[in-house]
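Every chain is numbered from 1 and lettered A, B, ... according to where its sequence line falls, protein lines coming before strand lines.
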There are 2 protein chains.
Amino acid sequence: MPRAGLTTEALAIAGAELADEVGFEHVTVSALARRFGVSVPSLYSHLRGTEDLHTRIALLALEELADGAAEALAGRAGPDALAALGDTYRDYAREHPGRYAAARHPLDAETAAGSAGVRHAQLARAVLRGYDLAEPDQTHAVRLMGSTFHGFVSLELAGAFSHSEPDAQSSWARILDSLDHTLRSWA
Amino acid sequence: MPRAGLTTEALAIAGAELADEVGFEHVTVSALARRFGVSVPSLYSHLRGTEDLHTRIALLALEELADGAAEALAGRAGPDALAALGDTYRDYAREHPGRYAAARHPLDAETAAGSAGVRHAQLARAVLRGYDLAEPDQTHAVRLMGSTFHGFVSLELAGAFSHSEPDAQSSWARILDSLDHTLRSWA
DNA sequence: ACGATTTGCCTAATACCTTTAGGCAAATGC
DNA sequence: GCATTTGCCTAAAGGTATTAGGCAAATCGT
């Protein structure tokens, strides 16, 4: 028989696609093997197991998200940068719900330290350059931003804003605006 | 043999305890049967299956959370009420991480409509009575509050603030404060 | 080009979780 | 005290995860 050409990287990418189709929690070694038309144990040459697969998808999503954020922030400052960062997360979550869920997968300390999570923190601080905040307020502000973005996006993804007026977009715009005000008048 | 005295309610409660011990995603019909010292199929007289179990734990957690919030809000208004509501969520999540995760379990529209989720929305609006907001701003504000609370709590639970200074508590206080300012000067 | 080595994917086997079907015995009701 | 209901059981089938061990395809040295 011809070989399928599996690699760890290809499995992580296919896993990410699968996550967007069926949800991150339903990404299984079995489903991935089916997708490649190979037997389940074949994947174990490339992956240590389910947890390893999930972690690799998480790392992939974090990278994509950080790349997108970095591009969105280039040449922007202040409220523009704030909205660009928020929109990056929100749009990514809506286009790639499974990958967004993967990005929230808990990583052990060592893995997290080597992940693109670090760049996310740097990008958040880059946005705050437009707001002139000293420590420890800068850290508080990073956490506020992260909480607001992640909170809104995950509630929206869960459908919390679906069947009610006004639409989520208008709340999002209003929230970005109030976040900008908060950061400008942090004192 | 004597009977174990299983009931749907008892299973949901034990499931909630199990969730806090091992994580909501690891709550399984098998583990629950072990906990009661009965065979796995015995639970199927009381539960339709795993999804049903998860849903019942979610409903239980939503009730507890709404009860706690209602009690915390009694006799409070303005910033006090805001902080009381936020603290209710945060404290519950730290004391009962599995149940908090359960409360985030997606429910179908019908189940959600009959759940304590409805009371949560009412309680959020009750807090906003202290801030004099008309629609649609009130809805935007409910969503901002929900996003901020849920975002912070879930990031904290995931350990996002663990190994860095300053501690999560000081950021939380700062965030509640800025949320209060935002709501007071919503225009 | 060809044999030796590496490597990729396979089958077999074990273990656990889920769910359905059907049975016996304990509780309940007359 | 007997009949009915009901609670928990065993049996069985299907899916996922993981390990062990084998064969064949790709790769490499000569």
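- Under 4.0 angstrom from either OP1 or OP2 of D:dG15 there lies no side-chain N or O belonging to A:T28.
- Side-chain nitrogen and oxygen atoms of B:S45 include none within less than 4.0 Å of the OP1 or OP2 phosphate oxygen of D:dC8.
- When the side-chain nitrogen and oxygen atoms of A:R34 are compared with OP1 and OP2 of D:dT16, one or more of them lie within a distance under 4.0 Å.
- Between the OH atom of B:Y44 and the P atom of D:dA12 there is a distance of 19 Å, given to the nearest Å.
- A:H96 has its ring centre no less than 6.0 Å from the ring centre of A:Y100.
- Phosphate contact (OP1/OP2 of C:dC10, side-chain N/O of A:S42, threshold under 4.0 Å): present.
- Summarising the geometry, the separation between CD on B:E51 and P on C:dC17 is reported as 19 Å, rounded to the nearest angstrom.
- Annotation: B:H54 is in aromatic contact with B:F24 [ring centroid separation under 6.0 Å].
- In terms of phosphate contacts, B:T50 brings a side-chain nitrogen or oxygen within less than 4.0 Å of OP1 or OP2 of C:dT19.
- B:H46 has a side-chain polar atom (N or O) that falls below the 4.0 Å cut-off from OP1 or OP2 of D:dC8.
- For the pair B:R143 and A:W172, the cation-pi criterion (under 6.0 Å, within 45° of the ring axis) is not fulfilled.
- For the pair B:L47 CG and C:dC17 P, the computed distance is 16 Å after rounding to whole Å.
- The CG-C1' distance, from B:L32 to C:dT19, rounds to 16 Å in whole Å.
- Atom CG of B:L53 and atom P of C:dC17 are 14 Å apart (whole Å).
- Checking D:dC8, C:dT19, D:dA17 against the side-chain heavy atoms of B:L6 singles out D:dC8 as nearest.
- Using a cut-off of 4.0 Å between Lys/Arg side-chain N and Asp/Glu carboxylate O, B:D52 and B:R48 are scored as salt-bridged.
- Few gaps surround CD on A:E25; more than 12 heavy atoms of other groups in view lie less than 6.0 Å from it.
- Atoms CZ (A:R48) and P (D:dA20) sit 16 Å apart, rounded to a whole Å.
- Between A:H26 and D:dT16 there is no side-chain polar atom (N or O) within less than 4.0 angstrom of OP1 or OP2.
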